[in-house]
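Have a look at the structure that comes next, please.
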Amino acid sequence: MAGIDELFQLPAEIEDFRASARAFAERDVAPLVEEAERTGTFPLELFAKAGSAGLLGLQFEERWGGSDAGLLPDMIFREEVSRVCAGIAAGLGIQGQIGTAYLARFGSDEQKERWLRPAIAGEVITAWGLTEPDAGSDVRSIRTTVEADGSGVILRGRKTFITNGPIAGAIGVVAKQANGKFAVYMVEAGDEGYAVDRTLEKLGCRSSQVGELVFDNVRLDESRRLSPPDGSEIDEILDVLIRGRVLIAAASLGVASAAFDLGLAYAKERTAFGRPIGKFQEISMKFAEADARIAAARMLTYRAAVLCDTRDEVPVRECAHAKLVASETALWVVDQMMRVFGGAGFMQGSVIERLFRDVRYFQIVEGTTEIQHRILAKALGL
Amino acid sequence: MRIAVLIKQVPDTWGERKLDLATGRLDRDASDRIIDEIGERALEVALQARDAKTADEVVVVTMGPAPAAEAVKKGLSMGADSGIHISDDALAGSDTWTTAEALAGALREGGFDLVIAGNESTDGRGGVVPAMVAELLGLPLLAELDEVTIGAGEVSGSRGVDDAILTVSAPLPALVSITERTPEPRFPNLRGIMGAKKKPVAGQDSSAVGVEGGAAGPGAHSVVTATAERPPRSAGTIVEDDGTAAAQLAEFLAKNRLI
């Protein structure tokens, strides 16, 4: 049996990889964050930079340019970039998981050559079109349809809250087909009938581009169909989201750690009544509690990633644990750090103010906190 | 084409750098150890030549105590094909000439067409080792290049001087030293990190590289006679602007011969 250290320590190679991911975040991402967040634009050059640094295809096969290394390093990448900017991390993160996972699993070699290889290289931006104005958590009730038309299909519908949608060159779109099962088709930016209706303005993660997309009788031939001819089961669609939950947990850890580090530095430097504010018990206890909560959330998140990589079946329950605890921990930690900063944190333009807005993202995406509760309650037979 | 890249493990530039006052040597435990960034840039120049198929093989070469193996490993993770690690207690505290003799000794029989080094390290900042190695190996030296072009039988580049840019070239084999104006180094990717474990690293001691007597041998040219703690920073002067601040600042700069 493995020793206790082996069970709870990441392999040395993964820690070395973390150093690379952190260096990428600090050298290439950090200088772009202020402007990207202020203007609500994504620094598109980062896709190619991340691609050439081998950061976008960590889970995918080497023959398509990936690293074939599983969710664990992808999770580290997401955590480290989120420490610097959750919005940019969200945009880059789509490329290695949500936007491409279904393609990597079900696509043919020709389709992977066409979309997966350039996605991994950062040459084509991808998105995953699932959520609709009237179907969020309730995925089964989507209304977008594909209708057979000669050798292809006609796609009709509307998708919303699609991260990378406004900048994507290739979007995996989920639609209902005549037999009630789900079809997934790749739509390309230039396709006739496809349009970005609008780019949505958001409370936080403003640099990530989230949009509402319209599919007005988009004709797609067989080369665009990723799903089997008779359609995909709902579980195959949801698997993409379930693994993605670990990445949202990792992003939550990144934001929680960033807030913690900022707050700790401030608590040591800011003085009141003749001593650093961190020396007051009211403040120091916040850090003691946050330190423990972040450590607990990190343990659950890393465990979920390892289980995703080592089990044949998706560990639904453990992914829900990680997503639930990490996202709520991040919310709590950022709130506490906001209190440490006091008035300085309430001012627009401070980093803690951005983190306070960004952190609200994590209790919503990839299954809300309430959906995680539902999953866990169901697993308990309730 | 075989390219050797000289790299060096140094204390983290962002950490506190200290001397061991008892020995006059660098206190290597005072901060984190990293590859000197200028060495990573030198490696990037070599790896780009290999990416472009101009070079076939890139070897990282370092001299340093056992932990310097980490620097070699990072070089391999970035993409170097193999490493040479010169390590020997007898070489601890070597001056620049002895260091250059050891590096030259490791390179001499390696069949290298090109040696690339940073122009100076962030710890010692002597800036002389590349020239010394070139002298010992009888190679032409293109020093302080801001940009490097590696061809089949020639290396060329440019160097900024006060009011001009010099374009220089030399036939191979040659040695070049580069500045921080060369491209930023790549990050080790996961495949590189995993693959580094399987790449060969040759360990060499002082006799293997032909340095008789180690750091205190006949090659040593410098002796540390005394060391002292760096004096604490003084409080400085705060100029209150009562309408004469600009004049006061100009006077301060002129008095200290800064303008």
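The chains referred to below are lettered A, B, ... by the order of the sequence lines, with proteins before strands, and numbering in each begins at 1. The analysis underlying the following values was restricted to heavy atoms, covering all of them including side chains, and did not include hydrogens, waters or symmetry mates.
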Fill in: Test item: side-chain donor near acceptor, B:Asp36 and B:Thr122, under 3.5 Å
yes

Worksheet item: Can you name the residues that form a side chain to side chain donor-acceptor pair (under 3.5 Å) with B:Asp205, not counting sequence neighbours?
Response: B:Ser207

Practice prompt. Return the option, out of A:Ala21, A:Ala23, A:Gly54, A:Pro73, with the maximum number of heavy-atom pairs under 4.5 Å with chain B.
Written response: A:Ala23

Donor-acceptor pairs under 3.5 Å, chain B to chain A, main chain and side chains both?
residue  : atom : partner : partner atom : Å
B:Lys73  : NZ   : A:Asp16 : OD2          : 3.3
B:Glu184 : OE1  : A:Arg27 : NE           : 3.2
B:Pro185 : O    : A:Arg27 : NH1          : 2.8
B:Pro185 : O    : A:Arg27 : NH2          : 3.3
B:Pro188 : O    : A:Ser20 : OG           : 2.6
B:Arg191 : NE   : A:Gly66 : O            : 3.4
B:Arg191 : NH2  : A:Gly65 : O            : 3.4
B:Lys197 : NZ   : A:Glu13 : OE2          : 3.1

Practice prompt. Look at the rings of A:Phe77 and A:Phe24 and say which category their plane angle falls in: under 30° parallel, 30 to 60° tilted, over 60° perpendicular.
Written response: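 A:Phe77 vs A:Phe24 ring planes: tilted.
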
Worksheet item: So which part of A:Leu55 gets closer than 4.5 Å to some heavy atom of chain B, the side chain, the backbone, both or neither?
Response: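 Contact with chain B is absent: no heavy atom of A:Leu55 under 4.5 Å.
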
Worksheet item: Would you call B:Arg159 and B:Glu144 a salt bridge, using N to O less than 4.0 angstrom?
Response: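 A salt bridge is absent here (no side-chain N lies under 4.0 Å from a carboxylate O).
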
Fill in: With A:Phe42 via ring-ring contact (aromatic ring centres under 6.0 Å, His included) - residues at least two apart
A:Phe47

Worksheet item: CD1 of A:Ile76 to CD1 of A:Ile14: how many Å apart, nearest 0.5 Å?
Response: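 Answer for the CD1-CD1 pair, A:Ile76 versus A:Ile14, is 6.5 Å.
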
Worksheet item: With B:Arg181, which residues qualify under side chain to side chain donor-acceptor pair (under 3.5 Å), at least two apart?
Response: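 With neighbours one apart ignored, the set is empty.
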
